[in-house]
Structure formats: structure tokens, C-alpha cells
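Structure record follows, encoded as C-alpha cells.
Everything quoted here is computed from the prediction, not taken from an experiment.
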Amino acid sequence: MRRLKDGPEGFTESICTVDHAEKAYEAYQRLLENPGHVIIGAMPFASCFGPAYEFAFIMDSDLRKRKMRDKVPMTFVTSEPYIGHLGLGGVGDSKGFLESDFRGHHINWITNAKVTKVEEGKMFVEQFDDSGHKLKDHELDFTYSMMVPAFKGVDAVSGVEGLCNPRGFVFVDDHQRNPKYPNIFGAGVCIAIPPVEATAVPTGAPKTGYMIESMVTAIVHNIADELAGKEGTTLATCAERHGRLKAEAVSPRQP
């Protein structure tokens, strides 16, 4: 989505890598010198929403400690259909308590938001209802913005037919191996996982640390079986299937 001029190479910040976070911090120091409206959120096709919420509350807390919060209006702009969706269709009462916390911290929000263009100090947003009908256009001025971007796969393999989906994520079966190239296994952020549910503005499912550990465990067992001349049958927890993503995200890890 570089065409939108988002991220460190454009007019918004990102916190998805160390380099990006350092630049975001430098920009935050400039905001403290020249306070103004802040936009935080997630772009269409984003699949990692938690950091955006965390960042919003961290900034709110720091500004309150500095006694500057009243000088920095905040708006949360997200492709999620509602606050607390998180790419998972909600987790417990995440909608209720996050909306309540946003109100309590004076953070406004726009959901079902499709960012179409970002200029210096201005974000253009189309807002939709849950059926996909456009409700209105927003032109939002900002002094500082941090938007979680839409991730893409690795360039080195993204163009291999049958290996990856159009966004460059690797297809895997329930045993973490690619159906077309059975000698290739995939784990982690690089694999293709379909959205948990259809949304008016595209969102993706997050890939949690526990889920990734489970994928790697399955791969190790399946490779060991293959080397022993047996068929690998181990499933990653997430492969028991995508409908269990919400349960995985909130369940405590078992010893």
C-alpha cells in the first residue's frame, strides 16, 4: 500500500519493525513540540490489530503524564467492522470493553474504514456499513499518524505459481506443507490463512506466537515421519481448523 504514502516512506508512521519504531519515536518527539490531532489505526488488509490499540493507550498514558493530553485529540481509524474485532470476530467482550475504554480515554473512532489516500497532514477515508455500502467520506487532518500496514509475503517466493496467494503468502495444508510442492513446509507470518469472516473492508486474521510454535512443532514431527518413511499426520493447533482461531487467541497455553 505504498501508493497511499503510508508508513515511514510516506506520511504516516509504523511500529512493525525496530527501524520503523525508531522513526515513529522521533516523529513523536516532534509531536510533543507541536501538539495536534493524532490518527492511529490499521489499513485495509491489515491482520495485526493489537499493536494499534496498545499504541493508542500507550500514547494516551504518556501524554497524560506530560499533562498534554488535552492538546492532542485522538482518532482511531480501522478497517475492522467494529472496535475490538481484532481480525478474529471479537474475543470475548473485546468490543464492549475496548469501546468503553476508548470513551473513557476520549479516543474517537471510525470503523469499516478504507484509507484511500494519505497526503502530508491529511488522510482520506471512505467509511462503509456492514453490508459494504459507503456511508460517507472523511478528510482527516493530522499532525501525527501511526497506521498498521497490510503485510505482504516475501518477494523471493511470492511470484511462484501454486506456492503463494496473490499477496505472496504461502499455501499450506493441515500438515503445514504446500499442496503443489510437498517438499516445502511453511510456518509463521508467511503462510496464507483466510479471514475468519467476511468484512465490508478487508481484514486478515492475526498469527499469534502460540499458533506459530504449534505450526513449527507439527512441521518437525512431519519431517521426522517423512525421513522415517512414514506419512506425516501431525496437525498444528491452528489446523484443527481456522474456526478455532478465536479460542487459540484467548486460551492459556497448556504446560
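- Panel note: side chain R69, backbone V72; a donor-acceptor pair is recorded below 3.5 Å.
- Residues A113 and V77 approach most closely at CB-CG1, 3.7 Å, considering heavy atoms.
- Counting heavy atoms from C-beta on, the side chains of I110 and L140 come closer than 4.5 Å.
- Across all non-hydrogen atoms, the minimal contact from T234 to H175 is O-ND1, 3.2 Å.
- Side-chain atoms of R177 come within 3.5 Å of backbone N or O of P182 as a donor-acceptor pair.
- Counted by atom type alone, N112 and D129 present zero donor-acceptor pairs between their side chains at under 3.5 Å.
- Other residues, nucleotides and ligands contribute more than 12 heavy atoms inside 6.0 Å of the OH atom of Y181.
- No donor-acceptor distance shorter than 3.5 angstrom exists from the side chain of T111 to the backbone of Y82, with no hydrogens or angles considered.
- Side chains of I223 and E226 form no contact here, defined as non-hydrogen atoms less than 4.5 Å apart.
- Here ring pair (Phe, Tyr, Trp, His ring centres under 6.0 Å) pairs that include residues 117-139, with residues two or more places apart or in two chains, number zero.
- Looking at heavy atoms from C-beta onward, M147 lies in side-chain contact with I39 at the 4.5 angstrom threshold.
- F55 has its side chain out of reach of I58: every pair of non-hydrogen atoms, C-beta onward, lies at least 4.5 Å apart.
- Side-chain atoms of S61 do not come within 3.5 Å of backbone N or O of F57 as any donor-acceptor pair.
- Between the side chain of D173 and the backbone N or O of P179, no donor-acceptor pair lies under 3.5 Å.
- Looking only at side-chain heavy atoms (C-beta outward), W109 and M74 stay at 4.5 Å or farther from each other.
- Taking the side chain as every heavy atom from C-beta outward, T78 and F76 approach each other to under 4.5 Å.
- In this structure, the side chains of S145 and M123 come closer than 4.5 Å at one or more pairs of heavy atoms.
- In this structure A24 satisfies the side chain to side chain contact (heavy atoms under 4.5 Å, CB included) test together with E13, I15, Y144, sequence neighbours excluded.
- Formation of a donor-acceptor pair under 3.5 Å by the R167 side chain with backbone atoms of F151 is found in this model.
- T143 places none of its side-chain heavy atoms less than 4.5 Å from the side chain of V38.
- In terms of modelled atom types and a separation under 3.5 Å, the side chain of Q127 and the main chain of K136 share no donor-acceptor contact.
- No more than 12 heavy atoms of other residues, nucleotides or ligands shown are found within 6.0 angstrom of CD on E120.
- No side-chain donor-acceptor contact under 3.5 Å links D101 and Y53.
- The pair R30-E26 fails the salt-bridge criterion, with no side-chain N (NZ, NE, NH1 or NH2) lying under 4.0 Å from an Asp/Glu carboxylate O.
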Pairs of donor and acceptor atoms involving the side chains of residues 183-207, under 3.5 Å and at least two apart or interchain, shall be tabulated with distances.
from, atom 1, to, atom 2, distance (Å)
E197, OE2, H85, NE2, 2.8
T199, OG1, V201, O, 2.6
T199, OG1, T203, OG1, 3.2
K207, NZ, V189, O, 2.9
K207, NZ, I191, O, 2.6

